[in-house]
Amino acid sequence: MSIKKMDSSFPAASPLVAWAEFVELTGTPEDRLHELMELGWLQATRKTEQSLMFRQVDVYRTRKLDRLCNDFELPSLAGAMIVDLLERIEDLENRLRELERE
């Protein structure tokens, strides 16, 4: 079995997702997404003439927030705070693992 070299004529995958695709990928109601943007928790990284653009990582974060809010019947603000805290914990755990390797 041989590995084929990627054709350089194809553009690289974009790290950004347009609004319509973001809504589809997250499955989050648009009103919640607008609320998260008003809170400053979710931010468009770039605005084109036609649509807002979001980071791929925000798809995962938003799905996590949506699950928390739906499972525990939480408001968006509480879900956002929990996701932020979970990310901080994960970051600290990764730093500890790096220190243990040294």
Side-chain angles (χ1 to χ4, degrees):
M1 183 170 144
S2 65
I3 298 175
K4 291 183 181 181
K5 190 175 182 180
M6 238 179 130
D7 186 353
S8 62
S9 64
F10 290 110
S14 173
L16 300 177
V17 178
W19 174 260
E21 186 179 7
F22 189 79
V23 171
E24 183 179 332
L25 290 171
T26 62
T28 304
E30 288 190 35
D31 59 331
R32 177 172 280 161
L33 294 175
H34 287 294
E35 182 182 2
L36 294 171
M37 290 177 65
E38 287 175 16
L39 290 170
W41 188 83
L42 180 62
Q43 298 176 359
T45 58
R46 183 173 64 196
K47 298 176 184 177
T48 64
E49 290 179 21
Q50 289 84 19
S51 68
L52 301 171
M53 303 294 286
F54 299 90
R55 300 174 307 157
Q56 289 274 353
V57 70
D58 287 329
V59 171
Y60 173 73
R61 294 177 76 233
T62 303
R63 290 182 72 177
K64 185 188 296 188
L65 177 136
D66 207 32
R67 271 194 324 269
L68 282 167
C69 290
N70 290 335
D71 290 352
F72 297 106
E73 300 177 2
L74 298 172
S76 297
L77 180 58
M81 291 170 60
I82 291 169
V83 170
D84 287 345
L85 290 170
L86 289 172
E87 288 174 347
R88 289 179 71 184
I89 291 168
E90 183 179 1
D91 183 51
L92 291 170
E93 287 174 340
N94 288 336
R95 287 183 190 181
L96 280 173
R97 276 191 219 99
E98 288 174 15
L99 288 173
E100 290 173 351
R101 287 185 206 146
E102 292 178 0

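What's counted below: heavy atoms across the whole structure, side chains too, no hydrogens, waters or symmetry copies.
- Taken from CD in Glu21 to OG1 in Thr26, the straight-line distance is 10.5 Å, to the nearest 0.5 Å.
- In this structure, Asp91 and Glu87 have side chains that are not in contact, with every pair of non-hydrogen atoms separated by 4.5 Å or more.
- Nearest approach of Leu16 to Met53, heavy atoms of both residues: CB-CE, 3.8 Å.
- With values rounded to the nearest 0.5 angstrom, Leu33 atom CG is found 5.0 Å from Thr28 atom OG1.
- Rounding to the nearest 0.5 angstrom, the gap separating the CZ atom in Arg55 from the CZ atom in Phe22 is 9.5 Å.
- Leu74 CG to Arg67 CZ: the interatomic distance, rounded to the nearest 0.5 Å, is 13.0 Å.
- For the pair Glu102 and Leu99, the minimum side-chain heavy-atom distance is below 4.5 Å.
- Using a 4.0 Å cut-off between a side-chain N of Lys or Arg and a carboxylate O of Asp or Glu, Asp84 and Arg88 do not qualify as a salt bridge.
- If you check the side chains of Ser76 and Arg32, you find a donor sitting under 3.5 Å from an acceptor.
- Scanning for ring-ring contact (aromatic ring centres under 6.0 Å, His included) contacts around Trp41 gives an empty result, with sequence neighbours left out.
- In plain terms, the two heavy atoms of Leu25 and Val59 that are nearest each other are CB-CG1, 3.9 Å.
- Considering every non-hydrogen atom in both Asp66 and Gly27, the closest pair reads OD2-O, 3.8 Å.
- The closest side-chain heavy-atom distance from Glu93 to Ile89 is below 4.5 Å.
- Within the 4.5 Å cutoff, the side chain of Phe54 has no heavy atoms near those of the Thr62 side chain.
- Note: the hydrophobic cluster containing Tyr60 does not contain Met81 (ILVMFWY, side chain heavy atoms under 4.5 Å, direct or indirect links).
- Legend: residues meeting side chain to side chain donor-acceptor pair (under 3.5 Å) with Gln56, ordered by chain and number and at least two apart, are absent.
- Under the side chain to side chain donor-acceptor pair (under 3.5 Å) criterion, Asp31 pairs with no residue at all, not counting sequence neighbours.
- Looking at every heavy atom in both residues, Leu65 comes nearest to Gly79 through CD1-C, 3.5 Å.
- We find the CD1-NZ distance between Ile82 and Lys64 to be 11.0 Å, quoted to the nearest 0.5 Å.
- Scanning all heavy atoms of the two residues, the minimum distance from Cys69 to Pro75 falls at SG-O, 3.6 Å.
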